[in-house]
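Notes follow the structure.
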Amino acid sequence: MISALWVMIALSVLLGIVLGYAAIRFKIEGNPLVEKIDAVLPQTQCGQCGYPGCKPYAEAIAKGESDINLCPPGGDEGIHKLADLLGVEYKPFGGDAQPKAKAVAFIDENTCIGCTLCIQACPVDAIVGAAKQMHTIIASECTGCELCLPPCPVDCISMDKIAEDISNWKWQHPVIIPIQAVA
Amino acid sequence: MFSSPFISQPSSVSQIMLRVLLALIPGIAFYVWYFGPAILVSLTLASITALVTEALMLKLRNRPIKPFISDNTALLTAWLLALSIPPLAPWWLIVVGTAFAIAVSKHLYGGLGSNPFNPAMIGYAVLIISFPAPMTHWITPHSVDGMSLNFAAQWSYIFSGMLPSGLTLDAVTMATPLDTLKTQLHLGQSVADIRDMPIFGRLAGHGSEMVAAGFALGGLYLLFTRIISWHLPVVYLGTLFAVAGLFHVLDPAHYVAPLFHWFSGAAMIGAFFILTDPVTSPTTQKGKIIFAAGAAVLTYLIRVFGGFPDGVAFATLLMNICVPLIDIYTQPKVFGKKGAGK
Amino acid sequence: MRTLFSFHGGVHPPTHKAESTRTPIALAPIPSKLIIPLWQHVGNRSVPIVQVGERVLKGQKIGRPEGKLSSAVHASTSGTVSAIDMQLVAHHSGLPDLCVTLIPDGRDEWISHVGVDVTHTSHAELRHLLRKAGVVGLGGAVFPSDLKTDAHHHQIKTLVINGAECEPYITCDDLLMRERAQDILRGAELLRELLQAEEVLIGIEDNKPEAIAAMQLAVTQAGYRNMEVLCVPTVYPSGGAKQLIRILTGIEVAAGVRSTEMGVQCFNVATAYSAWRALAHGEPVLSRIITVTGNVREAQNFEVLIGTPLDELIALAGKQADTNRYIMGGPMMGIDLPSGTVSVTKATNCIIASSLKLFPPPAPVMPCIRCIRCADVCPADLQPQDLYWFAKSNNFGKAQEFNLADCIECGACAYVCPSNIPLVQYYRYAKSEIHERSVEKLAADKARERHEYRQFRIEREKTEKAERLAQKERDAAAAKASFEAGLAAAENAQQQTINEAIERAKVQAATAHALNTDALTQEQLAKIAEVDARRAKMRELAATAGADDEPPKS
């Protein structure tokens, strides 16, 4: 009886030392989870999640302050990826925003008055122009976040859906008929 | 969407399974020849049960019935199960076994292509665990004691459990040769003495050795028409031979010759028809070899040291569990990544 | 005798080649209009350099290459450009792309063109000429040949010339080898020279004995050493570049590896032929040999101008009433074309008129039973049944792990599948999803970087602004201080001047005094001392008397 007690105590002490050592030895600096979550997010920086950009949203998710289903540009797949990453249940889209087709902002250069408000709104510096000068969008850098739309005083910015052509066309998941058909 | 390739080989699941069914016919013919037509009754019962269950399950699962019921896979399951249990077993035994095999071990796992276990073997396992008694009454072959039952008597026994007056169940049935061997060895007899008993033939059980040979014949047909690959049957029979041979050489009085193991029980039908079920066997060549060798060792161990009369079913099921793991660890090297100079 | 190697798997579909090899290559007439796509090659789309309404000559460049990976496009005959717009092109997507429509004038008038002396022209110049002539891989891959002839400093041992032509129905290379073996070999020799390869191996499937004989004869006649025509067994897909390289050299080129890194390069026979025509005769790629077969009255090979509409080409072979669609390329890897309005391109080696009888719609799809007939025939040693599973369940990471990238989409797996699963379609789907994701990932990384930089910039601007502000405040304070300091300084300066003046005066006085008293006699000194004493006495008396007396000024 006594000896068993001693063995258990010795074991717990030993394991405690091992665990304590491991905690020091393998200490992880920083919070890699935020980086991982941020890598899944689409980096549109649109703020539709309610956070000022993707990184803050990633931080909020990592802290458990925010849900994983608030990112419309990430789409359904993004939620699945986050669910996988965090080991939580998939949730359908929350909030009002719904995923939209990808688009690129376009400035109607005839209407633009060169107020620079959109330039200040663009999270990725994809608008060039100067005060009293016509502005234009660098289409290849535009994330389609739509943050430039509200500040424009003359409503000269529109969102152009990215049209499908040969260069961006992709194969569809094959549709297998007999599985759906009921004979 | 219509996309390449636009041509395909004229083959289908249904055709493949039909050929496998055809390959079973030599074995069935020998079965009828030595043990009477009772087996045809159980084959028919099993077939009808399988088709009805299949249709019912497809209906319940909201799947198209016609393409799946005509794929012949349910029939194959039924036949393999019918050939694994005693033909004189009461009619409900085969019905229950087949229904369980199709409904539970096939459709509840997702139907064709998704079942991890061989349905026929699941059916067998359920029967032998739930109803061990009727599973041990095997027909004595015609030529052993001359007291065989005619078709009418077999029919009436299967459906009503009545035997013609003057006959007892023990008189017309017996344990399988493997079972007899095991029992007699327990009683202290030597292998040589036991083999002198009238139920044994030249290689194994009288009659049943020829049935096994019939299955082997059908199996060779499948092998040469490339319906099945050589890996599973060759490695299985080879390993079984090697293990049995080793024990036999070390102690011939207690361990029977390897050929006896080949031609007894379900070894042949297992090697060519049960292990080779594509759905439940590994997909890689290395994996097939591991799978077959494992099944052979387990078969031998269960037969010789275990409590069941035959080991093929449990060996198959146990190896079925390992298939996903085997597949993962035996992935072949792909084109250009095999290392230089191959 | 050289030992040949083999690759894993392969299938033997019915070849259907005899139908189109009965007659020699016929020259297709100039069609009523030519629709010339500007994107006929791997890489960037060519940029049109002609105007609508402009008259162009045969061989005139109408599209210039854009960027390194691109190629030129030329007018196939003389005529007038009637449109530069989006037209349906031969592509899996069935989407339109930019095309130049040319109305031929029937005169077929060549632009002035001369060949070069290939032995006395630098390799760089020859490569440039290949690019200018729009020479791309005519086997179907349409990769710009000028880039393929650059070995990137790798030592090339073997140049493989691909005449295997393993796909059913297609016989254009067969006929080309039968009829134009000499020019093919000249082209091969030229490519060998460009690559500095040690040997040339020409692989032809053994179901083309006439082509093999013609090529062998041509090699002997021309006396090329280091050049060998090899007869390879007929098995699909032996004509895949990787597979043929494997058969002839034993080398396996994995996905993502350049074959030149392994000392081998591969060109199609038709590419070798057009490379020769382009360099030695100055003829750009304006036409190619196309097999017109399938559901037509007379299957035949035609030499067709690039841009010829399909309908006009099919009419030459005799269109059958029950033709329902066309297949461009072979039945294993071809493109489905629902209509005949598209035009032929440099990639078009074969047009198969299809009918329901010839190519019945695919049978219903059954579940996979893991029979691994697909794995048995896969020439890339893949496990198609696993890849199918991953692609179907959108598990793209796993698909990549199981080497989906090594799939050459040859279709052998789908050909043998007893469950009729459109396996290749699943792989294409998975591949294009993976591609899109990698593109998206790059874009996201870029956006992240730009966003972070912007935030850094805003932060920096803020600190800079704050600093400027602080500086300004400091400056203001300093200015005030300096003003006061200035005032003080001015006063100081005045005072100082005064002081200085006093000092100066003192010194002057002293000096003057000194001057006056410089050379005094003893007598005088005594006199002074007496006077001084007297004065001191007086001062003393004055002080004691009430100090009303001014101090004496000296």
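Each chain gets a letter, A, B and so on, in the order its sequence line appears, and its residues count up from 1. For the numbers below, each heavy atom of this structure counts, side chains included, while hydrogens, waters and symmetry mates do not.
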note = In this structure, CG of Leu98(C) is separated from CD1 of Ile166(A) (nearest 0.5 Å) by 10.5 Å
query = Can Trp171(A) and His92(C) be said to form a side-chain contact (heavy atoms from CB on, under 4.5 Å), step by step?
reply = CA-CA 9 Å; Trp171(A) 288 88; His92(C) 285 290; 3.2 Å; yes
ask   = Can you say whether Asp38(A) sits under 4.5 Å from chain C via the side chain, the backbone, both, or neither, judging by heavy atoms?
value = both
query = Got a second to check how far His173(A)'s NE2 is from Arg428(C)'s CZ, nearest 0.5 Å?
reply = 15.0 Å
key: Glu89(A) atom CD, over 12 foreign heavy atoms within 6.0 Å   = no
Greatest number of heavy atom pairs closer than 4.5 Å to chain A - which of Lys392(C), Arg45(C), His435(C), Met86(C) = Lys392(C)
query = Where does Val89(C) contact chain A at under 4.5 Å (heavy atoms): side chain, backbone, both or neither?
reply = side chain
note = Rounding to 0.5 Å, atoms NZ (Lys170(A)) and OG (Ser93(C)) come to a distance of 14.0 Å
query = Which pairs with one or both residues in residues 325-347 of chain C pass salt bridge (charged side-chain N to carboxylate O under 4.0 Å, His left out), sequence neighbours excluded?
reply = Arg325(C)-Asp336(C)
request  = To the nearest 0.5 Å, tell me how far Glu440(C) CD sits from Glu77(A) CD.
outcome  = 8.0 Å
message = Taking side chain as everything from C-beta outward and backbone as N, CA, C, O, which of these in Pro96(C) sits under 4.5 Å from a heavy atom of chain A? Side chain, backbone, both or neither.
response = backbone
Residues of residues 446-457 of chain C with any heavy atom under 4.5 Å of a heavy atom in chain A = Lys446(C), Ala447(C), Arg448(C), Arg450(C), His451(C), Glu452(C), Arg454(C), Arg457(C)
task = Compare every heavy atom of Pro42(A) with every heavy atom of Ala444(C), then report the nearest pair and how far apart it is.
result = CB-O, 3.6 Å
request  = Against chain A, label Ala391(C) side chain, backbone, both or neither, depending on which of its atoms sit under 4.5 Å from a heavy atom there.
outcome  = backbone
